[in-house]
Protein chains: 2
Amino acid sequence: MGTATIRDVARQAKVSLKTVSRVINRESSVRDETRERVLRAIEQLDYRPDLSARSLRSAKAYAIGLVYDNPNPYYIIAVQQGALAACREMGFGLQIHPCDSRGPKLAEELRDLVHRSRLAGLVLAPPMSERMALLRELAAYNIPLVRVISAAEDPHDGFPCVFVDDRDAAYAITAYLIQLGHLRIGFLWGGKQHRSSPERYKGYEKALRDYGVPMSDELVLEGDYSFDDGFRGARRLLGLAEPPTAIFGSNDEIAAGVLAAARAAGLHVPYDLSVAGFEDSPFSRHSWPSLTTSRQRTELIAEHAARLLIAQIHGGDVENEGFSPELVVRGSTAPPRPKA
Amino acid sequence: MGTATIRDVARQAKVSLKTVSRVINRESSVRDETRERVLRAIEQLDYRPDLSARSLRSAKAYAIGLVYDNPNPYYIIAVQQGALAACREMGFGLQIHPCDSRGPKLAEELRDLVHRSRLAGLVLAPPMSERMALLRELAAYNIPLVRVISAAEDPHDGFPCVFVDDRDAAYAITAYLIQLGHLRIGFLWGGKQHRSSPERYKGYEKALRDYGVPMSDELVLEGDYSFDDGFRGARRLLGLAEPPTAIFGSNDEIAAGVLAAARAAGLHVPYDLSVAGFEDSPFSRHSWPSLTTSRQRTELIAEHAARLLIAQIHGGDVENEGFSPELVVRGSTAPPRPKA
DNA sequence: TCGCAAATTGACAACGTTGTCAGCCATGAC
DNA sequence: GTCATGGCTGACAACGTTGTCAATTTGCGA
């Protein structure tokens, strides 16, 4: 039993190829009775249209690409799930494309991908989504794209996007720590190549300013979105003459490193030190104590991005949209221990 | 600049379409000088063959599918990376397909996927890879497949596979705990729908028997590959009249739950309780203390599976291959505290 | 009943590639 | 000089689908 083609369906339903095509593509102007017959034939033969032939002929594409370079499995899986949900709903395929965001020929690489695999467009995850030069190159190639980016507001830069207000979320976490009574709050940066890093820092900074908490350069350390940098950073902060009573790590992995460093230093979290993360990864629930963090609806965001891309391809009007993360309070934060 | 087709290349190189095709496909019987000319034209026009047209015409496929239903992001990402590495090397595409392993129409779903997207075959991750009924259905549809499975030895059941010796690895972990001096070792099962679970249990059991350590039913609890079941299971074990001095969780997530339960019970790991996991996920490095576990080269295994599948499609002889995990000793295990 | 527009249907070409097969040319043996 | 050989090349059809456009049918008012 070779797989059935549109030809077999046409023969069985006693109509022309084109009519079957019309039924499949839900074009109007097919008589109900004819449509019924064709649908029955499709059912009987278990026919499915061939995507290759379809996109070859129609010059439309039935798949989109998901481009990322992010070492965080939780994030990636969530993005994939979200994008897939949108794709399945719209009858699209999804082609994943992990890549090196610092590769010199990234634009060409992506163009080849789109061309060879006949992709209708790309969803770009950070940090690719924030490289204006790359975006311009892709636009020059006429590749439709939607970005997932970190921004306090709609960037209005002409490239459609779904944006996440990292700044606001970081503000909320910092404000929460201040309200608990913390006055010396350490901040550990994420990777500089991610726009979310400065955004999160700005939120931290603004909260301190708004609440009149003195800033201190020694409490802010640069680093990467990694456990190791969290560990190292925390060790340095805890070694200060006047160490912080709370540390805000720019993501959960950093915060995990902070937890480890605190334990290594014999400190009891949250009583000797409060720790906050960012992301609400499963780790933040499974660590001990579980982490106060900021929940990003990554899956929803990615789904929305994919939906936006498909709408754009279909020629619809595309409205950027913002998502605000939400504070999640767990066991790793508490009021500071009163000074002896 | 519309993307170049084989036609443009032919014109530029002043040869026929077919000759260009020959050059692209590395067929012999093209004069060196002609080949040069064609290659130059390809270079100049930046031509890339269109995969849709190619697979449409040649009835060969240039992509494979990766089928999984596994809630563990670390595992999935590793599998994806491995499969992608093989695909890129061989000029194949990869289509990911997360699905519900208990879905009633899974075989039909996968057949449609293969058919619609013209996939050359499927790599099946656990637990799909262990459902004989599913395998037989797919075979009846003539879908080439390679499985990643848990087995102590080549299953010789006619379905090609890459197998991982979970039993042996669990034996190694248990033996290590026994050598440290533990005589009461708790065991927390993973999900029954995964064949790796009984395999790991068998390794545990065999080690106890070989070393003459008495078995005890109360030390063995069923559950799922989850943090919560690890937490609950550990709480029950620690509440026994004679609690275990070590607990072996069937994966790192379970072990993470055990760590949390131990901490909640005021126990100090590893001095009051040794904990071992399985998988060497990043969590096992980042927890405190870091976990003794078993390293599976998931990425390599998946890469090998994809390579095997592609070789099979090309008609090559296919040899199953086994991978042995490796014991990784970290801070969560120590000799038991001497009885007071 | 006829005429005409609208609704419905079908014939055919085309998308970009590769398989088939035939043709050309140089070579070397007779 | 003829003929077979083998290396190289090209013309053409075909893969399964949809776009174009023309043909046919239907519905309906006159």
State, to 0.1 Å, how close B:Y75 and B:P126 come at their nearest heavy-atom pair, and which atoms those are.
OH-CD, 3.6 Å

Test: salt bridge (Lys or Arg N to Asp or Glu O under 4.0 Å). Region: residues 65-78 of chain B. Which pairs qualify, not counting sequence neighbours?
none

Is there a side-chain contact between B:Y225 and B:N72, using heavy atoms and a 4.5 Å cut-off?
no

B:V123 and B:L145: side-chain contact (heavy atoms from CB on, under 4.5 Å), yes or no, with the steps?
CA-CA 6 Å; B:V123 171; B:L145 52 87; over 6 Å; no

Does any residue of residues 18-35 of chain A have a heavy atom under 4.0 Å from DNA chain D, and if so, which ones, in number order?
A:K18, A:S21, A:N25

Closest to the 5' end of DNA chain C, once A:V15 and B:S58 are matched to their nearest nucleotides, is A:V15

Report which part of the nucleic acid B:R116 touches: base, sugar-phosphate, or nothing (heavy-atom distance under 4.0 Å, all strands).
nothing

Let me know, please, whether B:L56 or B:L17 comes out on the 5' side of the other along DNA chain D by nearest nucleotide.
B:L17

Considering every strand and a 4.0 Å limit on heavy-atom distances, what is the contact class for A:Y47: base, sugar-phosphate, or nothing?
sugar-phosphate

Look at B:D50 together with A:R118 and state whether they make a salt bridge at an N to O cut-off of under 4.0 Å.
yes

I want to check a possible cation-pi pair here: B:R111 against B:Y141, using under 6.0 Å from ring centre and within 45° of the ring axis as the test.
yes

Examine B:R297 relative to B:F323 and say whether NZ or CZ is less than 6.0 Å from the centre of the six-membered ring and inside a 45° cone about the ring axis.
no

Neighbour count >12 (heavy atoms, 6.0 Å) for atom CZ, A:R7
no

5' to 3' contact window, DNA chain D with chain B (heavy-atom distance under 4.0 Å):
D:dC8 to D:dG16

